[in-house]
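These notes are about the structure you will find just below.
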There are 2 protein chains.
Amino acid sequence: MAEIRIEWPDPEGQEIVERLFAADAALRAHFEQVAAAVGLTVPQAHTVIQLQEPQRMGTMAGHLHCEPSHVTAIADSLEESGFLRREPDPDDRRAKRLVLTEAGQKLRGRLLKRLFDGAPIISALDADQRAGLLSMLRMAQSSDRHQAWRRLPAAAGDGSCPPVPS
Amino acid sequence: MAEIRIEWPDPEGQEIVERLFAADAALRAHFEQVAAAVGLTVPQAHTVIQLQEPQRMGTMAGHLHCEPSHVTAIADSLEESGFLRREPDPDDRRAKRLVLTEAGQKLRGRLLKRLFDGAPIISALDADQRAGLLSMLRMAQSSDRHQAWRRLPAAAGDGSCPPVPS
DNA sequence: CGCAATTGCTTCAGTGACTGAACTATGTTG
DNA sequence: CAACATAGTTCAGTCACTGAAGCAATTGCG
């Protein structure tokens, strides 16, 4: 996303937004680079990462925030490359589950390792700084009534982050 | 960007990354929604916001992190809608400067107002929380040697954020 | 000065991510 | 069983964006 440099009603708010965008740009660039390094596009990499365990395609569409038809396309490409296969869902014969092949699991491992190794923010902060940043983000996200926050995965917190009121 | 929910070597790092992605998703959604509310696409809105003062097209490409040819396309659409015009650059007759029309300036005003009014993080934190978040982000970004941070606009800080060493 | 290399923008063809509608097959409900 | 909902697929199309080719103006070097 582009830099935003404007006269803003609130200069502190401006800087926060700018820096969050910058943080995001860095993370995104990192992710893109890691994906490319193992020969995947960004959505392919997301899909592989998501596949720690078999997932129905509709569920995957939810995780990727896209339409089911797009998951079909991504799955096609990853299946063709031999990183996953479709298997029938035991509970619903309409549904298919995406399952990583052996090659897919190895790929996922490499992906995770590289992702973590170079992650910009993690490597830049010491333990105190990390804890501080994290608690701020928790505060921001738990008190925010804006609906986009609600997408935060429930599994993200360790319980210290109060649930978002509905 | 999709949620990332994985077994991570460092659970705290995982949560930070997840929350930063979530923060980004919220900001992005907000931006997109605001742009749509005034009838612009995201890149059009970025361009209008960037045009506080006339900009050469090449400079704009730099700000938008895209190729000059793409700026041509965006400028075409905004010119057609009457929000900006191309004027010759006085210092270089090859170059053109993008200038907001009166309509464009009004549009920019509405855009900024709406952007600020609903910005998720800003509205969710109180003054202390904001200051804390900001200082963390400054620390993260000033100590990070990762190149993506370097894109941070120089104007963002008030001087309290030391320059990134090259 | 004069010619070559460079720079600013445009044009155009193409790509990758993604949506939405129509369709098939299966599942659910009354 | 009929009617409807749901899972995934197919396909056509959109949107953001790139990269190469080209024109015009500018800069630099002999």
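Quick note: numbers below take in every heavy atom, side chains included, and nothing from hydrogens, waters or symmetry partners. To find a chain, count down the sequence lines: A is the first, B the second, and so on, and within it residues start at 1.
- Counting only heavy atoms from C-beta on, A:Cys66 has its side chain closest to C:dT19 among C:dT11, C:dT19, C:dG8.
- In this structure, A:Leu64 places its CG atom 18 Å from P of C:dG16, rounding to the nearest Å.
- Closest to the side chain of B:Pro43, from the set D:dA16, C:dC18, C:dG8, is D:dA16.
- Across the protein-nucleic acid pair, B:Gln44 atom CD and D:dT14 atom C1' stand 14 Å apart, rounded to whole Å.
- B:Leu84 and B:Val99 fall into different hydrophobic clusters, where Ile, Leu, Val, Met, Phe, Trp and Tyr residues are linked whenever their side-chain heavy atoms come under 4.5 Å apart, directly or through other members.
- Rounded to an integer number of Å, the gap from CD of B:Glu32 to C1' of C:dA17 is 13 Å.
- Not a single donor-acceptor contact under 3.5 angstrom links the side-chain atoms of A:Ser69 to the base of D:dG8.
- Distances were taken from every side-chain heavy atom of B:Glu67 (C-beta onward) to each of D:dT9, D:dG19, C:dA17; the shortest belongs to D:dG19.
- Ranked by how close their nearest DNA chain C nucleotide is to the 5' end, B:Gly58 and A:Ile74 are led by B:Gly58.
- Between the side chain of B:His30 and the backbone N or O of B:Leu115 there is at least one donor-acceptor pair closer than 3.5 Å.
- In the set C:dT10, C:dA17, D:dA16, the nucleotide with an atom closest to the side chain of B:His70 is D:dA16.
- Between B:Ile74 and B:Thr41, every side-chain heavy-atom pair lies at or beyond the 4.5 Å cut-off.
- Of the possible donor and acceptor atoms, one in the side chain of A:Arg108 sits under 3.5 Å from a partner among the backbone N and O of A:Ile49.
- At whole-Å resolution of the value, NE2 in A:His46 and C1' in C:dC18 are 15 Å apart.
- What separates CG of A:Asp76 from P of D:dC11 is a distance of 11 Å, to the nearest Å.
- The CD-P distance, from A:Gln55 to D:dA7, rounds to 14 Å in whole Å.
- Side-chain N/O atoms of B:Arg94 and base N/O atoms of D:dT26 include no donor-acceptor pair closer than 3.5 Å.
- Annotation: of the two residues near DNA chain D, B:Thr41 and A:Pro68, the 5′-most nearest-nucleotide partner is A:Pro68.
- Proximity of A:Arg93 to the phosphate of C:dG27: a side-chain N or O atom is located under 4.0 Å from OP1 or OP2.
- Spacing between atom CZ of B:Arg28 and atom P of C:dA17 amounts to 16 Å, rounded to whole angstrom units.
- If you measure from atom CG of B:Leu40 to atom P of D:dA16, you get 11 Å, rounded to the nearest angstrom.
- Taking both residues in full, the closest heavy atoms of A:Glu32 and A:Val42 are given as CG-CG2, 3.6 Å, listed atom of the first, atom of the second, then distance.
- No engagement by B:Arg97 is indicated, since no non-hydrogen atom pair under 4.0 Å with the nucleic acid exists.
- Residue B:Asp92 has its side chain nearest to C:dG8 when only C:dC18, D:dT9, C:dG8 are considered.
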